[in-house]
Amino acid sequence: DESQGILMGIFWASVVGMIFYRRERLKPDGYWWWKLLLAGLLARLTATLLHLAVGFWFYRGAVDFGGYYRRGMFTGTLVLQAFFGDPDALPNFTLDRSIELLHALLYFLTGPSLVGMFFLSGIVGFVGAYLFIRAFQVALSREGDTRFLAVSLFLLPSIVFWASLL
């Protein structure tokens, strides 16, 4: 059910937002950083909806994420069967099937919803951008360069759009 996926996507976005708010609000430049994080999260979630719109309206559903969605649901069913007693139900996973396994694991957090998977993928992309910025801060710790990198990773349209999907 897509409404369940939308609600779960909003729930996970709220959880991630609260975690980042509690973590970042006490820093000296926390107010500016928190506003950027919130804008970055909203930009990622907007980009996920744009991905859906482009895929279904412009390409009329002839896109790869429809296949990943169906195979991810099927793989999720196999994972549940293997977990509850039939270990032979799970096929051998190779590197080319790792995307299916990743999508199957995401469906355990959102339910079998394409929109929910898109929202969760956007959140994963947001967390990845945040961790990239934190690694940059730890390695180089120059505040001016960090702000430019953060604005670029969170708000540059091309990076936000293409990095919002697994």
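The first residue in the sequence is number 1, and the count goes up from there.
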**Parallel, tilted or perpendicular: rings of His51 and Phe161 (30°, 60°)** = parallel
**Message:** Hydrophobic cluster membership, with links at side-chain heavy-atom distances under 4.5 Å among I/L/V/M/F/W/Y: are Val151 and Leu42 in one?
**Reply:** no
**Prompt:** Are Phe154 and Leu131 joined in one hydrophobic group, where the rule is that I, L, V, M, F, W and Y side chains link up if heavy atoms are under 4.5 Å apart?
**Reply:** yes
**Item:** Under the ring-ring contact (aromatic ring centres under 6.0 Å, His included) test, residues paired with Phe74 that sit two or more places apart
**Value:** none
**Asked** Under a single-linkage definition using a 4.5 Å side-chain heavy-atom cutoff for Ile, Leu, Val, Met, Phe, Trp and Tyr, are Leu49 and Trp57 assigned to the same hydrophobic cluster?
**Response** no
**Prompt:** Can you name the nearest heavy-atom pair linking Gly122 to Arg44, along with the distance?
**Reply:** O-CB, 3.8 Å
**Prompt:** Would a hydrophobic clustering, with Ile, Leu, Val, Met, Phe, Trp and Tyr connected at side-chain separations under 4.5 Å, put Phe132 with Phe126?
**Reply:** yes
**Common cluster, Leu156/Val127, ILVMFWY with side-chain heavy-atom separation under 4.5 Å** = yes
**Message:** To check you understand the geometry: which heavy-atom pair defines the closest contact between Leu153 and Val160, and what is its length?
**Reply:** O-CG2, 4.1 Å
**Option among Thr48, Ile123, Leu50 that satisfies the side-chain contact (heavy atoms from CB on, under 4.5 Å) test with Phe118** = Thr48
**Message:** Holding to side chain to side chain contact (heavy atoms under 4.5 Å, CB included), I want the full list of residues that pass it with Phe58, two or more places apart in sequence or in another chain.
**Reply:** Val54
**Asked** If you measure from CD1 on Ile133 to CG on Leu37, what distance do you get to the nearest 0.5 Å?
**Response** 7.5 Å
**Message:** Apply side-chain contact (heavy atoms from CB on, under 4.5 Å) to residues Leu114 and Leu52 and explain how you reach the verdict.
**Reply:** CA-CA 9 Å; Leu114 183 63; Leu52 280 170; 4.0 Å; yes
**Prompt:** Minimum heavy-atom separation for Leu45 to Ala13, with atom names?
**Reply:** CD1-CB, 3.8 Å
**Message:** Rounded to the nearest 0.5 Å, what separates atom CE in Met8 from atom CE in Met117?
**Reply:** 15.0 Å
**Asked** What pairs with Leu7 under side chain to side chain contact (heavy atoms under 4.5 Å, CB included), at least two apart in sequence or on another chain?
**Response** none
**Fill in**
Tightest non-hydrogen contact, residues Ala150 and Leu36, listed as CB-CD2, 3.4 Å
